[in-house]
Amino acid sequence: MKVRTRFAPSPTGYMHIGNLRTALYAWLFARKNGGDFLLRLEDTDRNRLVEEAGNVIYRTLEDTGLTYDEGPDVGGDYGPYVQSERKEIYGKYAEMLVEKGAAYYCFCTKERLDALREQAAAEGKVFKYDKHCLHLSKEEVAARIAAGEEYVIRQNIPLEGESSYEDAVYGTITVPMSDMEDNILLKSDGWPTYNLANVIDDHLMEITHVIRGIEYLSSTPKYNLLYDAFGWDRPTYIHLPPVMKDKQKKLSKRNGDASYEDLIKKGYLKEAIINYIALLGWNPGGERELFSLEELAQVFSLEGLSKSSAIFDTEKLTWMNGEYIRSLSLADFMERAKPYFDEAITRPMDMERLAALIQPRLETLSQIGEKVSFFNEMPAYDLALYTHKKMKTTAENSVEILHSAREALAQVEEFTNANLYETLLAVAEKAEVKSGRVLWPVRIAITGTAVTPGGATEIAELLGKEETLARLDYSIEKLHKELA
RNA sequence: GGCUCCUUGGUCAAGUGGUCAAGACACCGCCCUCUCACGGCGGUUACAGGAGUUCGAAUCUCCUAGGAGUCACCA
């Protein structure tokens, strides 16, 4: 049988990392097994509709390369792929369940239910619906419906026994019938709940492997009862442990935690995000950690899935992102970094050289601004920067050296790194000091920055002769003024 | 609270009765070096606790503790 997996989010207008990982695993499993991967939108909660919320899902999946074979916007033979367009299907199947005795009509009012709940709370018991409407006769049900009474359809859970199944990651899960409730399958507004819809859709769409969050682990036996009532084959279940923000809390929008889009905005590469989350809860077996999407699809397997929750560690993502940035071709890097450079650099400059200098020193693209701003404009700086104990430099002993360096640099025709380096070494030699005594102050004088991407001569080359000399003059004057 | 799960360093994790308990991130030190980063080398840090079973337990059993999920006309 052909493997078919699905990603079935409810469109909230936000794609959080845990959801993305679920989609990724479902995609990887389908690809690895030559199967189909499809997208289904679960929007049966009419009270929580978010306008156009499907868009961020479509966009994210497309952006990350998690292409789906079937879905709301691409069609397919098992549609519609949006639950709100399948309303009559659920009603029909709910009635079939009633005929089979696996479900029943319920006319209990909210008031009665609330009273029951209060009573249970007062007695310190767990509330459970009392099957009050289970034994209504067919005639009475028909009459009350005809009279316009509101009703729901509830699942009829057996009173005794237990239900169990094999989860691909958690093993055998067994839940006593007595712990399950006669949940509502069809709401009074005619829309199905997840309890019904997920079963109907997964069956009708011929989903073979249900990959979803662990929140469904313990309610799955209830869904299985439905599969059994219909006489349908149960799918293979693969429940996933949660992605946490810290030991206690799950990653969530409510906590203001990073979503996929937030991470992109923070300068993370989509490839790095995918690679990192693939390893959050799954391991490929070897020691290798860097994988492209296609490589992941080749090595993915259910055995590597872990049972315990994993904390989202931005530090490691950041490291991995740096690895990805460094592995980019210069052209590719420049293209992705362009928006950041455009914002940080306003004066003409050899962008390719600048990019080459910056690329290996970046962990996220958004660090570009802070790393290159001094190229654009000489910052105000403190003379303390001239003091460096290893270089044995101070503001005082840099003045003379800078004068010599400025004179020597003014003589250089071709302002290339090699020429400049040679020139400054000559200055050091002539003054009978170590190279650091001149290279450090020169770098400070032309950048006003303690840490720079590249050494004095690399930066001077990029700045160009005119700008370099202008900055040297500025700094020499500053030294004279402030030391006086 | 009931039920269903989970528990190896700060984090991700390998490990399925016999290992000096891998590796990665982070951290620290050294080297490389015109600062920084990259890279190289080295280091600190872990089997939640307690009972068993066994010649032998991170691996099996039980208990305790901690944590998560769930108990909706949300998914």
Side-chain angles (χ1 to χ4, degrees), chain A residues 8-10 12 42-45 47-48 83 106 110 113 117 124-128 150 152-154 167 170-171 173-176 178-181 183-195 197-198 212-221 239 241-242 244 246-250 276 279-283 285-290 304 306-320 322-323 326 357-363 371 385 388 390-391 417 420-421 424-425 428 434-440 442-444 447 449-459:
Chain A
S10 69
T12 59
E42 310 215 325
D43 58 346
T44 57
D45 186 348
N47 299 318
R48 299 193 193 182
Q83 290 187 332
C106 173
K110 186 174 181 304
L113 262 18
R117 250 184 271 272
K125 289 182 190 160
V126 177
F127 168 75
K128 208 177 136 187
E150 275 206 342
V152 299
I153 290 180
R154 286 182 182 273
D167 184 88
Y170 289 97
I173 303 297
T174 304
V175 176
S178 58
D179 287 329
M180 297 187 239
E181 200 191 359
N183 288 300
I184 289 169
L185 263 19
L186 203 69
K187 300 182 269 190
S188 58
D189 62 3
W191 290 96
T193 59
Y194 179 85
N195 306 118
N198 92 86
R212 72 200 352 170
I214 194 173
E215 60 269 29
Y216 300 109
L217 184 77
S218 54
S219 51
T220 295
H239 287 103
M244 312 288 282
D246 56 40
K247 282 244 190 278
Q248 273 76 31
K249 286 181 296 258
K250 236 169 57 154
Y276 176 68
L279 266 29
L280 249 198
W282 172 79
N283 85 83
E287 285 188 0
R288 182 173 168 195
E289 290 194 298
L290 268 17
S306 84
K307 295 178 181 173
S308 47
S309 54
I311 297 173
F312 184 86
D313 180 17
T314 309
E315 297 263 23
K316 181 134 188 184
L317 200 216
T318 301
W319 163 77
M320 192 171 276
E323 292 287 310
R326 284 188 288 278
L357 230 41
I358 296 296
Q359 186 183 1
R361 288 170 238 258
L362 240 37
E363 288 184 307
K371 288 195 189 296
L385 284 184
H388 189 284
K390 196 176 160 198
M391 299 296 153
N417 183 35
L420 295 171
Y421 192 56
L424 291 182
L425 282 194
K434 285 193 173 176
S435 61
R437 274 288 305 280
V438 2
L439 291 165
W440 179 272
V442 167
R443 193 179 60 86
I444 295 302
T447 66
T449 303
V451 172
T452 57
T457 60
E458 289 171 301
I459 289 166

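A note on names: the letters A, B, ... follow the listed sequences, proteins ahead of strands, and every chain is numbered from 1. Note that the structure is predicted; figures quoted are calculated from it, not measured. No hydrogens, no waters, no symmetry mates; every other heavy atom, side chains included, goes into these values.
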Atom-pair distance (CG on A/L280; C1' on B/C25), nearest Å: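 Value for this atom pair: 12 Å.
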
Taking atom P of B/C6 as reference, at what distance in whole Å does atom OH of A/Y170 sit?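 Rounding to the nearest Å, OH of A/Y170 and P of B/C6 are 7 Å apart.
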
OP1, OP2 of B/C6 versus side-chain N and O of A/K307: anything below 4.0 Å?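 Affirmative; the distance criterion is met.
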
Once side chain to side chain contact (heavy atoms under 4.5 Å, CB included) is applied, do any residues pair with A/S219, and if so which ones, sequence neighbours excluded?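 Here the qualifying residues are A/Y216, A/K222, A/Y223.
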
Which letter, B, S or -, goes with each nucleotide of nucleotides 31-41 of chain B from 5' to 3', with contact meaning a protein heavy atom under 4.0 Å? --BBBBSSS--

Could you run through nucleotides 69-75 of chain B and give me one letter per nucleotide, 5' to 3': B if any protein heavy atom sits under 4.0 Å from the base, S if only the sugar-phosphate is that close, - if neither? BS-BBSB

Who does [N] pair with, Watson-Crick or G-U, both distances under 3.5 Å?
N: B/C36; value: none
N: B/G66; value: B/C6
N: B/A72; value: none
N: B/C27; value: B/G43
N: B/G52; value: B/C60

Side chain of A/D179 only, please: which of B/C3, B/U11, B/G23 is the nearest?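 The answer is B/C3.
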
A/E289, nearest nucleotide to its side chain (from B/U7, B/C25, B/A24):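 Closest of the options to the side chain of A/E289: B/A24.
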
Which is true for A/S306 with a 4.0 Å heavy-atom rule: it touches a base, it touches only sugar-phosphate, or it touches nothing?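 Sugar-phosphate, no base atom in range.
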
Any chance you could lay out the side chain to side chain contact (heavy atoms under 4.5 Å, CB included) test for A/W191 and A/D45, step after step, and finish with the verdict? CA-CA 8 Å; A/W191 290 96; A/D45 186 348; over 6 Å; no

